[in-house]
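Worksheet: one structure, shown below.
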Amino acid sequence: QVQLVESGGGLVQAGGSLRLSCAVSEGTFSRYYMGWFRQAPGKERQFVAATEWSGGITYYAPSVKGRFTISRDNAKNTVYLQMNRLEPEDTAVYYCAADRSEVVATTPGLWDYWGQGTQVTVSS
């Protein structure tokens, strides 16, 4: 069973930065596409960013492109989400996800494994 554990969430003022981490308990981590999603209260879970096996190709939701950066360290079985110029609208629980397919899906239901989530709150 693959386990994903997020960390790095917290409270930050608008314009600030946070870096989320997701540690994966799987020796074949480098074979997984990795992604980040978020879910605000009363809203559906939405795609934020994803990366393929090497981290060389990345994908972003339009709302975060230019502000967020996804990266991975396959030697540490960890994926990161650097979030800059945060806005109150970025407030949500952020989830890490892993997928064995070779397709980046923006639909949450198509991802294989999920973490428990970490809260990010951006104050105005």
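Applying the disulfide bond (SG atoms under 2.5 Å apart) test to pairs two or more places apart or on separate chains, none has a residue in residues 29-82. For residues 19-124, the set of pairs meeting the disulfide bond (SG atoms under 2.5 Å apart) definition, not counting sequence neighbours, comprises C22-C96. Legend: salt bridge (Lys or Arg N to Asp or Glu O under 4.0 Å) pairs involving residues 115-124, not counting sequence neighbours: none detected. For the ring-ring contact (aromatic ring centres under 6.0 Å, His included) condition, the pairs that include at least one residue of residues 39-58, sequence neighbours left out, are Y33-W53, F37-F47.
Closest of all the heavy-atom pairs between Q39 and K43 is NE2-O, 3.1 Å. The two atoms that bring A14 and P88 nearest to each other are CB-CD, 4.1 Å, heavy atoms only. W111 approaches G35 most closely through the heavy-atom pair CZ3-N, 3.4 Å. Contact between S30 and N74 at its shortest, heavy atoms only, is CB-ND2, 3.5 Å. Across all non-hydrogen atoms, the minimal contact from T51 to G56 is OG1-N, 4.4 Å.
Distance check, rounded to the nearest 0.5 Å: OG1 of T107 to CD of E44 gives 10.0 Å. Taking OG of S63 as the reference point, atom CD of Q46 lies at 5.5 Å (rounded to 0.5 Å).
For Q119, the side chain to side chain contact (heavy atoms under 4.5 Å, CB included) partners two or more places apart in sequence, or in a different chain, are T91, V93, T121. Under the rule for a salt bridge (charged side-chain N to carboxylate O under 4.0 Å, His left out), the partners of D112 that lie at least two apart in sequence or sit in another chain are R100. Take R38 and apply the salt bridge (charged side-chain N to carboxylate O under 4.0 Å, His left out) test, not counting sequence neighbours, and it matches D90. Residues satisfying the side-chain hydrogen bond (donor to acceptor under 3.5 Å, both in side chains) test with S123, not counting sequence neighbours, are none. Applying the side chain to side chain contact (heavy atoms under 4.5 Å, CB included) rule to S25 yields the partners Q3; only residues at least two apart in sequence or on another chain are considered. With sequence neighbours excluded, the residues forming a side-chain hydrogen bond (donor to acceptor under 3.5 Å, both in side chains) with Q82 are N84, listed by chain and number.
Summarising the hydrophobic clusters (Ile, Leu, Val, Met, Phe, Trp, Tyr; side-chain heavy atoms under 4.5 Å, direct or chained), the residues clustered with Y60 are V2, L4, V12, L18, L20, V24, F29, Y32, M34, W36, V48, V64, F68, I70, V79, L81, M83, L86, Y94, Y113, V120, V122. Hydrophobic cluster membership for Y80: none, as no Ile, Leu, Val, Met, Phe, Trp or Tyr side chain comes under 4.5 Å of it.
Using a 4.5 Å heavy-atom cutoff, the side chains of S54 and E52 are in contact.
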